[in-house]
Amino acid sequence: MSTCRQYHNKLSREDYFKKIVIESLDLDEERLTALDHLEGQKRKGERAYNKRVKPKSFVVGDLVWKASLPIGHKDRRFGKWSPNWEGPFIVTTKLTGGAYVLENIDGEEHERAINGQFLKKYVPRC
């Protein structure tokens, strides 16, 4: 018989129960510590990511290019020379969460709002 088992056999029921409760509380404490560590690592990764991300924001009246969606979809006529951007469009409304409502230069409103990550500033050339 192992020494651990002999030790458990010598304990009374109450003492054994108390030791098990204390051990389970220690385990909960370790789990909470691990959770705190995991959340810290997540925040650290978020900070590193956000250092490189440049937020885009547009105001009503800005001229913008819109990404050809769905991304990666190419027009068969042009193949790999398909345009990646469409436009220019005019920003008519800024919605919450970084979405924008656009309209053509002709004044036709785009059918749905588009996320700002799929837009870029239009700079007219000479």
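When reading the values below, keep in mind they use all heavy atoms of this one structure, side chains included, and skip hydrogens, waters and symmetry mates. Counting from 1, the numbers follow the sequence of the chain as shown.
Linking Ile, Leu, Val, Met, Phe, Trp and Tyr residues whenever their side-chain heavy atoms come within less than 4.5 Å leaves Tyr122 and Leu119 in two separate clusters. Following chains of ILVMFWY side-chain contacts shorter than 4.5 Å, one can reach Trp65 starting from Leu63, so the two form part of one hydrophobic cluster.
The shortest non-hydrogen separation linking Lys56 to Gly116 is CD-O, 3.6 Å.
Taking CH2 of Trp85 as the reference point, atom CZ of Phe118 lies at 9.0 Å (rounded to 0.5 Å). Ser57 contributes atom OG, which lies 8.5 Å from atom CG of Asp62 (distance to the nearest 0.5 angstrom).
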Under 3.5 Å, sequence neighbours excluded: what are the donor-acceptor pairs made by side chains of residues 32-55?
{"unit_1": "Thr33", "atom_1": "OG1", "unit_2": "Glu29", "atom_2": "O", "d": "2.9"}
{"unit_1": "Asn50", "atom_1": "ND2", "unit_2": "Glu46", "atom_2": "O", "d": "3.3"}

Please output the side-chain donor-acceptor pairs of residues 91-111 that fall under 3.5 Å, not counting sequence neighbours, one pair per line with the distance.
{"unit_1": "Thr92", "atom_1": "OG1", "unit_2": "Val101", "atom_2": "O", "d": "3.0"}
{"unit_1": "Tyr100", "atom_1": "OH", "unit_2": "Phe58", "atom_2": "N", "d": "3.1"}
{"unit_1": "His110", "atom_1": "ND1", "unit_2": "Arg112", "atom_2": "O", "d": "3.3"}

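Inter-residue side-chain proximity for Leu27 and Arg31 is flagged as met; some heavy-atom pair is nearer than 4.5 Å.
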